[in-house]
Amino acid sequence: MSAQSPGSREPQLANYDRDFLLKLYAQILLIRRFEEQVKFLFLEGTMPGTIHQCHGQEATAVGVCTALNKDDFITSTFRGHGHALAKGLTPREMLDELFGAATGCCKGKGGSMHMGNMEKGMIPGIAIVAGGIPLAAGMALAFKMRKTSQVVACFFGDGAVAEGAFHEGLNMAAIWNLPVLFVCENNLYGASTRIDKVMKNIKISDRAAGYGFRGETVDGNDLLAVYEAARRAVGECRAGHGPVLLELLTYRRTGHSRRDACHYQSRDERDAWFSNDPIERFVQTLLTRSDIAQIDLDRVEAQVDHEVSDAVQQARRAPQPATNDLLRDVYA
Amino acid sequence: MKRQGIAESLRDAIAEEMERDSTVFCIGEDIAVPGGWGGAFTVTLGLEDRFPDRMINTPIAELGFFGVAIGAALMGMRPIVDVQYGDFLFLASDQIVNNAAKMRYMSGGDCKVPLVVRVPVGATGRGSQHAQNMERYFIGVPGLKAVAVSNAYDAKGILKSAVRDDNPVMIFEHKLLYGSKGARAESGAVDATSDIPEEEFTVPLDKAVIRREGSDVTILSWLLMAHFSMFAAKTLAGDSIHAEVIDVRSLSPIDYETIGPSVQKTGHVVIVEEGPKTGGVSAEIAAGLLERFGEYLQAPILRVASPDVPVPFSPVLENAYRPDSRRIAEAVRGLLS
């Protein structure tokens with residue numbers, strides 16, 4: 001576990017609607033199952049490219065995106081499958097994209113690291129660390145200039161905090177009071193390098209004060225805590241009091257990218273975080289409700305499994321691009 | 001009709017486009033400051049009075065404000081970015097090359113980035129880091145368009161076309177061409193004024209233009225070198241050498257439809273470029289001409305460019321660095337002899 005301690009605002013479970021909770025469960029489970037399938041397909045050798053997966057970090061994506069409206073936007077990174085699913089991209093359009101198919105969300109030209117869908121409120125993933133942070137500020141500037149009530153949630157990892165783009169983007173969002181929710185998924189590692197080797201003050205939410213806005217550290221593996229923190233922050237942004245920096249403490253259970261066996265993570269650390277799994281914790285929480293039983297969760301699980309395996313079957317047969325598509329869509 | 005320099009015609013073009021389309025806005029350093037400069041070269045001077053909400057003055061943070069502009073463009077705005085000195089583009093290159101240029105392609109055509117970047121370039125007594133001709137670094141980036149404006153008429157018409165284009169367009173402007181009179185006049189400035197019609201006009205982004213017709217040699221150049229090439233052509237005419245001078249103007253894509261027939265006619269080509277010879281725009285044009293019109297060439301293509309050194313400060317050295325009309329004329333004579 002991290003030495004940091006998240007803010008302590010206990011979510012009040014009783015306030016939640018049963019169907020809403022089951023929908024959250026379906027979403028967080030969908031991301032886990034999707035990532036498991038992708039890993040299998042990759043190891044099986046049928047899927048091209050490389051992958052950066054988010055096993056263990058599912059609660060951050062679902063908690064934040066659930067606090068957004070459909071016409072709000074997100075920016076994501078090379079580790080974006082969870083964000084995309086949580087923002088409403090379908091497993092089908094994403095798996096097709098992972099197979100490089102013409103029917104993928106980017107017609108096979110983006111791949112794992114650049115998934116997006118403008119209609120669903122997600123620009124293509126930005127695979128340059130921190131590259132999406134100034135973009136998010138600019139998207140929010142557009143919303144502010146046009147006087148819409150939209151907000152941007154900008155996902156990035158702890159590694160991005162060392163980049164100049166982080167500083168420049170947060171500063172501009174601050175001076176113009178832009179409606180951006182900066183979401184730092186602090187999973188303790190930038191690729192293989194642990195945060196305490198590259199950062200003196202590892203409480204990332206402290207950075208917000210330096211720019212003159214509010215920052216908050218939240219238990220990123222507590223789905224409802226993430227959701228409530230994001231909802232508060234989104235509300236502030238919509239009211240013209242943005243930006244806000246949320247630091248979500250979480251852990252990557254899988255390698256940085258393909259074939260990374262994570263030998264740089266200590267056994268003790270892994271054990272501690274594996275027993276702090278966001279999905280298992282949410283299940284335990286749900287089962288304390290008198291109106292939710294294991295059979296309800298089983299039903300959700302069956303639906304999710306069906307949705308993912310159906311998408312996999314179709315993606316395996318999805319049409320590949322024609323080679324003359326190579327020259328299309330360079331210019332608008 | 002009125003006589004204007006490039007700074008004034010760009011300012012009018014920006015104002016007219018902002019008037020026409022409420023999504024157009026300006027963003028950059030030291031713009032919209034009351035009592036300030038209107039950007040480093042006065043181009044946006046006073047526009048904040050007319051468009052107070054659409055002139056965004058930024059911190060000194062090129063990577064950041066380029067990203068901001070691109071993000072706004074992705075959401076349907078049409079930013080015009082002012083970069084002060086072209087040399088600062090290296091700070092912004094990640095956003096320009098990895099995001100602005102690629103976003104449309106890697107999204108499979110789902111997004112567009114209608115972005116205009118105004119880039120002052122050229123060696124002007126400021127030493128090595130406020131001097132480079134940056135166009136060479138961007139012509140080979142798929143997804144970007146690159147144009148170079150050498151007079152006030154083109155500047156106005158091209159800026160308007162760029163604002164209306166749905167792609168990222170980089171407009172290269174030369175610091176010695178903004179205006180040879182007034183507050184921002186530079187030592188060595190060249191008159192690039194034009195008669196500007198009252199009525200609306202645009203200039204296409206992808207077309208070269210023949211500035212002077214001739215039959216003996218084709219001189220290709222842009223920005224300041226387009227003017228020096230015209231001076232050289234005048235000198236050469238005294239020796240009965242008839243040079244055809246083409247302002248390449250569109251650096252990406254290169255307009256071979258206009259250049260090609262000239263090469264077929266003269267069989268001799270001199271390309272003039274301010275900036276180091278190695279890896280420059282002229283290398284690309286030379287290769288492109290060889291592939292397309294090699295059989296018409298009666299002599300090897302000649303390049304007149306700066307030597308492969310950083311831009312020096314001393315005026316003596318800077319003048320030796322930058323090609324001038326004398327060197328251009330000498331090269332032409334050498335080629336034809």
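Note on naming: letters A, B, ... go to the chains in the order of the sequence lines (proteins, then strands), and numbering restarts at 1 for each one. As the structure is a prediction and not an experimental result, all values here were calculated from the model.
- Proximity of Asp110(B) to Cys106(A): side-chain heavy atoms (C-beta onward) are nowhere separated by under 4.5 Å.
- The closest donor-acceptor contact from the side chain of Tyr105(B) to the backbone of Leu326(A) lies under 3.5 Å.
- Open room surrounds CD1 on Ile60(B); 12 or fewer heavy atoms of other groups in view lie less than 6.0 Å from it.
- Here the closest non-hydrogen pair linking Val68(B) and Ala137(A) is CG2-CB, 3.9 Å.
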**OP:** Go through the steps for Leu135(A) and Gln95(B) under the test side-chain contact (heavy atoms from CB on, under 4.5 Å), then give the verdict.
**Re:** CA-CA 9 Å; Leu135(A) 290 181; Gln95(B) 287 293 343; 3.6 Å; yes
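- Using a 4.5 Å cut-off between heavy atoms, Met118(A) touches chain B through backbone and side chain atoms alike.
- Summarising the local packing, CD of Gln129(B) is surrounded by 12 or fewer heavy atoms from other residues, nucleotides or ligands at distances under 6.0 Å.
- In this structure, Phe65(B) and Leu141(A) have side chains that are not in contact, with every pair of non-hydrogen atoms separated by 4.5 Å or more.
- A heavy-atom distance below 4.5 Å is found between the side chains of Ile126(A) and Met103(B).
- Of the listed residues (Gly109(B), Ala73(B), Ser22(B)), the greatest number of heavy-atom pairs within a distance under 4.5 Å of chain A belongs to Gly109(B).
- Smallest separation of non-hydrogen atoms from Met139(A) and Gly71(B): CG-O, 3.3 Å.
- No donor-acceptor pair closer than 3.5 Å links the side chain of Asp166(B) to the backbone N or O of Ala332(A).
- Residues Trp176(A) and Pro59(B) approach most closely at CZ2-CD, 4.4 Å, considering heavy atoms.
- Between chain B and the options Gly125(A), Gly131(A), Ala127(A), Gly169(A), the largest number of non-hydrogen pairs under 4.5 Å is found for Gly131(A).
- Neither the backbone nor the side chain of Phe166(A) comes within contact range of chain B, judged by heavy atoms closer than 4.5 Å.
- Taken to the nearest 0.5 Å, the OG atom of Ser107(B) stands 7.0 Å off from the CG atom of Asp329(A).
- Of the residues considered (Met77(B), Arg104(B), Arg54(B), Lys145(B)), Arg104(B) shows the highest number of contacts with chain A, using heavy-atom pairs under 4.5 Å.
- Across every non-hydrogen atom of Gly64(B) and Pro134(A), the tightest pair is O-CB, 3.5 Å.
- For Arg328(A), the part lying near chain B is the backbone, with the side chain staying farther off; criterion is any non-hydrogen pair under 4.5 Å.
- The choice from Ile128(A), Asn117(A), Thr75(A) that makes the most heavy-atom pairs within less than 4.5 Å of chain B is Ile128(A).
- The environment of Lys144(A) atom NZ is dense: over 12 non-hydrogen atoms of other residues, nucleotides or ligands sit within 6.0 angstrom.
- If you measure heavy-atom distances from Ile175(A) to chain B, the contacts under 4.5 Å come from the side chain alone.
- By the neighbour-count criterion of 12 heavy atoms within 6.0 Å, atom CD of Glu257(B) is sparsely surrounded, having that number or fewer from other residues, nucleotides or ligands.
- Side-chain atoms of Lys109(A) never come within 3.5 Å of backbone atoms of Met106(B) as a donor-acceptor pair (strictly under, hydrogens ignored).
- Counting heavy-atom pairs closer than 4.5 Å to chain A, the top-ranked of the candidates Asp165(B), Val113(B), Asp53(B), Ile56(B) is Ile56(B).
- With a threshold of 4.5 angstrom between heavy atoms, Leu170(A) does not approach chain B through any atom at all.
- With a 4.5 Å cut-off on side-chain heavy atoms, Met75(B) and Ile123(A) count as touching.
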